[in-house]
**Student:** 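One structure coming up, written as C-alpha cells, with questions to follow.
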Amino acid sequence: MGNPVSIPPTGQLDPDRREFWIGGTWQAPLEGSGDAHAVVTDPATGRAIGRVPQATAADVDAAVAAARAAFPAWSASGVSTRQALLAAVATGIREREAEFAAVITAEMGAPRDNALEVQTRLAAEVFDSYLTVLADFQWQERIASSQVVREPVGVVAAITPWNYPLYLIAAKVAAALAAGCTVVLKPSCEAPLNAFLLATVFERACAETGAPAGVFNLITGAGSVAGAALAAHPGVDAVSFTGSTGAGRAVARTAAETVKRVGLELGGKSARVILADEPDGSTVKDLDRAIATALADAFYNSGQTCTACTRVLLPEAVYERAVALAAEEAGRWPLGDPAGPGGHLGPISTAAQYDSVLAHIAQGTAEGARLVAGGEAPADRRPAGLAAGHWVLPTVFADVTPEMTIAQEEIFGPVVCLLSYRDEEEAARIANDSIYGLAGAVWCADPFRAEHFARRIRAGLITVNDGTFNVLAPTGGYKQSGIGRELGAHGLAEYLETKTIQW
C-alpha cells in the first residue's frame with residue numbers, strides 16, 4: 001500500500017497495525033491469515049494512512065476464548081469495581097482527546113470540532129454515564145414469594161460502523177461492561193484506528209484497576225468473515241450491531257442459528273415535521289430558524305448520521321418560502337479541510353458511500369425532484385489541495401413526493417428532501433410512511449401541540465424544537481430501524497438476563 005502518512009499527533013498509536021488486543025496482550029494474527037490487511041484511507045485526500053490486520057475465524061475463536069475466560073471473575077465483580085474501570089477509561093479518553101480527535105478526522109473525515117466535541121468527548125461522557133446508571137440500578141426485586149434477579153448475559157460481540165466510530169463503540173462497550181459482561185469488539189475497517197487507541201486506554205485502565213485480562217478484546221476484519229464468525233460463534237451470548245439495515249438482517253439470520261441475543265441499530269429515514277401556528281397553515285413562527293435548524297441536523301457529519309432528519313415536512317402555505325430559505329441556507333455551508341476548525345462539511349467517509357450518495361442525487365433528479373442546491377462538488381468548490389477527496393455539496397431537493405426513491409431510501413449524505421402537506425393528518429401519514437423508525441423531530445411554537453404530534457410519530461427518538469441529546473435516555477428504532485435500546489439504564493438492561501428464584 002505504500003508508506004502510510006503520519007496522523008499528528010500519534011502518541012503511542014502506530015497507524016500500521018499488525019496485532020490484535022486479545023486477553024490483555026497484543027497478539028499477531030494466527031496462522032492462515034498471512035499478511036491480509038485492510039487499508040485505511042483519508043477521505044479528504046484519498047491517500048492511505050494506515051492498515052489493520054484481517055481476522056480469520058481462528059482469531060475470532062481466540063478473542064472469544066479470552067472473553068469467556070474473563071467472564072466468571074468480571075460477572076462476579078461488584079458495582080464499585082465496574083465503576084472504577086469505566087471511570088478509568090473515561091479519564092484515559094479525555095487525557096488523549098486531541099489524539100483521538102486527530103485520528104478520527106484522518107480516518108473518516110469528521111471536521112476537527114466535530115471529532116473533538118462529539119466523536120470523542122461524547123464517548124467519554126457515555127463511559128461516565130454508566131457510573132450514574134450503576135449507582136441507581138436495581139439488580140433484584142421481590143415479587144410475592146419470588147426473588148427476581150438480573151445477571152450479565154455473558155460474552156458480547158460489539159460490531160460497529162465508521163460514521164461515529166468511537167461514540168458507537170462506547171455506547172456498546174460501556175453498557176456491556178457495566179452489566180458484568182466481557183466484550184469482543186470488531187470495529188469497521190474503514191475507521192478502525194481509534195479503536196486501537198482505545199485498546200491502549202483499556203490496557204492502562206485494566207492494569208490500574210485490576211480488571212481481568214480479556215474483559216475487553218479487539219479484532220479487526222471484514223464483516224463477511226470476522227463479523228459473521230462472531231455472530232455465529234457458540235461462545236458469544238449476545239451480538240450488538242450498528243450499521244445498515246441489510247447488514248443487520250444478515251447478522252440476525254446468522255445469530256439465529258445459535259439463538260443468541262441480538263441488538264440492532266440500523267438505518268433511518270427520519271422526518272422533521274414543521275407545524276403551522278395557525279389552523280389555516282399560513283404561518284410558521286421563526287420559519288427561518290426552523291429551516292436553519294433542520295439543515296444543521298441533516299448536514300452535520302456530512303449527513304452520515306443515522307438519526308438525521310433528512311425528510312423535512314412543511315405546510316403547503318409556506319412551502320415555496322421555505323424552499324427559498326433552504327436553498328439560501330445550504331449555500332452558507334462551505335466544504336472545508338476536516339483538519340481545520342469551524343462549521344463546515346467534511347468529505348463523505350468512504351468511496352463506496354460517495355458513489356451511493358451521487359447515485360441517489362441522480363435518481364432524485366430523474367424522478368422529478370427539483371434540485372435547488374448542491375450536488376457533486378465541482379473542482380472550484382473543493383477545498384484547496386483536496387480535490388481528490390469525496391466531496392458533496394450541501395444538497396436540497398424540493399417537489400419531493402413520498403413515493404420517490406430519495407424519500408424512501410437512506411442516502412447517508414448531506415441531502416435534504418423537502419415535502420409539503422395539507423394538514424396534520426397528512427403530515428403524520430407521510431412521517432410514518434417508511435420502513436424505518438429510528439428518529440424524528442417536531443418544530444412548533446406550542447410545546448403541548450409539539451409533544452402531542454411527537455407521540456404520533458412511530459420512531460424511537462423524537463426531538464422537539466432545539467431539544468438536546470441526553471446520554472442517560474435510551475435510543476433505538478421501531479420497524480426496520482432496529483431491535484433493542486442503547487444508552488442509560490435501558491441500554492444496560494440489553495446485556496442482562498432475568499432470573500426468578502422462588503420457594
**Student:** Under 4.5 Å between any side-chain heavy atoms of F20 and V52, yes or no?
**Tutor:** no

**Student:** Using modelled atom types only, decide if a donor and an acceptor are shared between the side chain of S188 and the backbone of E190 within a distance under 3.5 Å.
**Tutor:**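 Yes, the answer is positive, given that a donor and an acceptor are paired below the 3.5 Å cut-off.
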
**Student:** Using only atom types and a distance under 3.5 Å, with no angle test, would you say the side chain of D59 pairs donor to acceptor with the backbone of P29?
**Tutor:**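 Looks like no, no N/O pair under 3.5 Å.
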
**Student:** Could you check I411, L335, I348 and say which one makes a side chain to side chain contact (heavy atoms under 4.5 Å, CB included) with V392?
**Tutor:**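 Result: among I411, L335, I348, I348 is the only option passing the side chain to side chain contact (heavy atoms under 4.5 Å, CB included) with V392.
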
**Student:** Is there a donor-acceptor pair closer than 3.5 Å between any side-chain N or O of T25 and the backbone N or O of I22?
**Tutor:** yes

**Student:** Donor-acceptor pairs are to be reported for all side-chain atoms of residues 339-346 against protein atoms at under 3.5 Å, with residues two or more places apart or in another chain.
**Tutor:**
from	atom 1	to	atom 2	distance (Å)
H344	ND1	G342	O	3.1
H344	NE2	D337	O	3.0

**Student:** I'd like to know if the side chain of T395 reaches the main chain of L393, judged simply by a donor and an acceptor atom lying under 3.5 Å from each other, with no hydrogens or angles considered.
**Tutor:** yes

**Student:** Would you tabulate the side-chain donor-acceptor contacts of residues 146-155 under 3.5 Å, counting partners in other chains and residues two or more places apart, or write 'none'?
**Tutor:**
from	atom 1	to	atom 2	distance (Å)
S146	OG	Q502	OE1	3.2
Q147	NE2	Q140	OE1	3.3
R150	NE	T498	OG1	3.1
E151	OE1	K499	NZ	3.2
E151	OE2	K499	NZ	3.2

**Student:** Using a 3.5 Å distance criterion without hydrogens, assess whether the side chain of S77 forms a donor-acceptor pair with backbone atoms of W74.
**Tutor:** yes

**Student:** Is E376 paired with R382 through a side-chain N to carboxylate O contact shorter than 4.0 Å?
**Tutor:**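 Yes, R382 and E376 are salt-bridged.
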
**Student:** Is it the case that the side chain of W391 and the backbone of P383 share a donor-acceptor pair, with hydrogens and angles ignored and the cut-off at 3.5 Å?
**Tutor:**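 Side chain of W391 to backbone of P383: no pair is present.
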
**Student:** Give me the atom names and distance for the closest heavy-atom approach of P338 to P347.
**Tutor:**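 Scanning both residues, the minimum pair turns out to be CG-CD, 4.0 Å.
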
**Student:** Are side-chain heavy atoms of T220 and P53 found at a separation under 4.5 Å?
**Tutor:** yes

**Student:** Between Y436 and G267, which heavy-atom pair has the shortest distance, and what is it?
**Tutor:** CD2-O, 3.3 Å

**Student:** Sort out for me which residue in F202, W26, F196 forms a ring-ring contact (aromatic ring centres under 6.0 Å, His included) with W21.
**Tutor:** W26

**Student:** More than 12 heavy atoms of other residues, nucleotides or ligands under 6.0 Å from CZ of R68: is that the case?
**Tutor:** yes

**Student:** For the residue pair Y167 and F469, does the interplanar ring angle fall in the parallel (under 30°), tilted (30 to 60°) or perpendicular (over 60°) class?
**Tutor:** perpendicular

**Student:** For D355 and H390, test the side chains for any donor-to-acceptor distance below 3.5 angstrom and give the result as yes or no.
**Tutor:**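 Side-chain D/A pair, D355 to H390: absent.
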
**Student:** Identify the two heavy atoms, one from K172 and one from S240, that lie closest to each other, and give their separation to 0.1 Å.
**Tutor:** NZ-OG, 2.9 Å

**Student:** For a 4.5 angstrom cut-off between non-hydrogen side-chain atoms, does V40 reach P192?
**Tutor:** yes

**Student:** CD1/I169 to CG/L185 distance, rounded to the nearest 0.5 angstrom?
**Tutor:**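 CG of L185 is found 4.5 Å from CD1 of I169.
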
**Student:** Distance only, no hydrogens: is a donor on one side chain within 3.5 Å (strictly under) of an acceptor on the other, for S302 and Q304?
**Tutor:** no

**Student:** When you look at I219 and L230, which way does the side chain to side chain contact (heavy atoms under 4.5 Å, CB included) test go after all the steps?
**Tutor:** CA-CA 10 Å; I219 61 170; L230 280 170; 4.1 Å; yes

**Student:** So which heavy atom on C306 is nearest to which on N163, and how close?
**Tutor:**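 In this case the closest contact between C306 and N163 is N-ND2, 4.3 Å.
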
**Student:** Report the distance from atom CZ of R272 to atom SG of C417, rounding to the nearest 0.5 Å.
**Tutor:**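 That separation rounds to 14.0 Å.
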
**Student:** How about E125 and L122: do any of their side-chain heavy atoms sit closer than 4.5 Å?
**Tutor:**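 Contact flag for E125/L122 side chains = yes.
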
**Student:** Do the side chains of D128 and R94 get nearer than 4.5 Å, heavy atoms only?
**Tutor:** yes

**Student:** Main chain of Q353, side chain of T350: is a donor-acceptor contact present, judged purely on distance under 3.5 Å?
**Tutor:** yes

**Student:** Compute whether any side-chain donor of one residue and acceptor of the other, for R96 and T200, lie under 3.5 angstrom apart.
**Tutor:**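 Note: R96 and T200 side chains meet the donor-acceptor criterion.
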
**Student:** Check whether any side-chain heavy atom of F412 sits under 4.5 Å from a side-chain heavy atom of T310, and report yes or no.
**Tutor:**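 Counting from C-beta outward, F412 and T310 never come under 4.5 Å.
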
**Student:** Between I49 and E107, is the side chain to side chain contact (heavy atoms under 4.5 Å, CB included) condition met? List the steps.
**Tutor:** CA-CA 8 Å; I49 59 169; E107 64 184 343; 4.2 Å; yes

**Student:** In Å and rounded to the nearest 0.5 Å, what is the CG to CG distance from L198 to L193?
**Tutor:**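 Answer rounded to 0.5 Å: 12.5 Å.
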
**Student:** Strictly distance-based, threshold 3.5 Å: is any side-chain N or O of T182 a donor or acceptor partner for the main-chain N or O of A70?
**Tutor:** no

**Student:** If only side-chain N and O atoms count, and only distance matters, is there a donor-acceptor pair under 3.5 Å linking N301 with N114?
**Tutor:** yes

**Student:** Does a side chain donor of either S434 or K269 reach within less than 3.5 Å of an acceptor in the other side chain?
**Tutor:** no

**Student:** To the nearest 0.5 Å, what is the distance between NZ (K479) and CD1 (I483)?
**Tutor:** 15.0 Å

**Student:** When you compare the side chain of Y300 with that of V118, does any pair of heavy atoms fall below 4.5 Å?
**Tutor:** yes

**Student:** If you apply the rule side chain to side chain contact (heavy atoms under 4.5 Å, CB included), what do you find for H233 with V60, and how did you get there?
**Tutor:** CA-CA 8 Å; H233 204 291; V60 171; 4.0 Å; yes

**Student:** Could you tell me which non-hydrogen atom of V126 sits nearest to which non-hydrogen atom of A170, and how far apart they are?
**Tutor:**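 Heavy-atom minimum between the residues: CG1-O, 3.6 Å.
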
**Student:** Compare every heavy atom of F299 with every heavy atom of V415, then report the nearest pair and how far apart it is.
**Tutor:**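 Closest heavy-atom pair between V415 and F299: N-CE2, 4.4 Å.
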
**Student:** Report yes or no: does T91 contribute a side-chain atom to a donor-acceptor pair with the main-chain N or O of A87 at less than 3.5 Å?
**Tutor:** yes

**Student:** If you measure from CE on M108 to OH on Y164, what distance do you get to the nearest 0.5 Å?
**Tutor:**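 Rounded to the nearest 0.5 Å, the CE-OH separation comes to 7.5 Å.
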
**Student:** Would you check, one step at a time, whether the test side chain to side chain contact (heavy atoms under 4.5 Å, CB included) holds for E265 with L438?
**Tutor:** CA-CA 8 Å; E265 184 186 302; L438 190 58; 4.1 Å; yes

**Student:** Would you indicate whether the side-chain heavy atoms of E97 and L116 approach each other to under 4.5 Å?
**Tutor:** yes

**Student:** Got a donor-acceptor contact below 3.5 angstrom from the D42 side chain to the A48 backbone?
**Tutor:** no

**Student:** Let me confirm one number: the CG-CD distance from L168 to Q119, rounded to the nearest 0.5 Å.
**Tutor:**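 Rounded to the nearest 0.5 Å, the CG-CD separation comes out at 8.5 Å.
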
**Student:** So, are E494 and R485 salt-bridged, with charged N and O less than 4.0 Å apart?
**Tutor:**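 Between R485 and E494 there is no salt bridge, as every charged N stays at least 4.0 Å from the carboxylate O atoms.
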
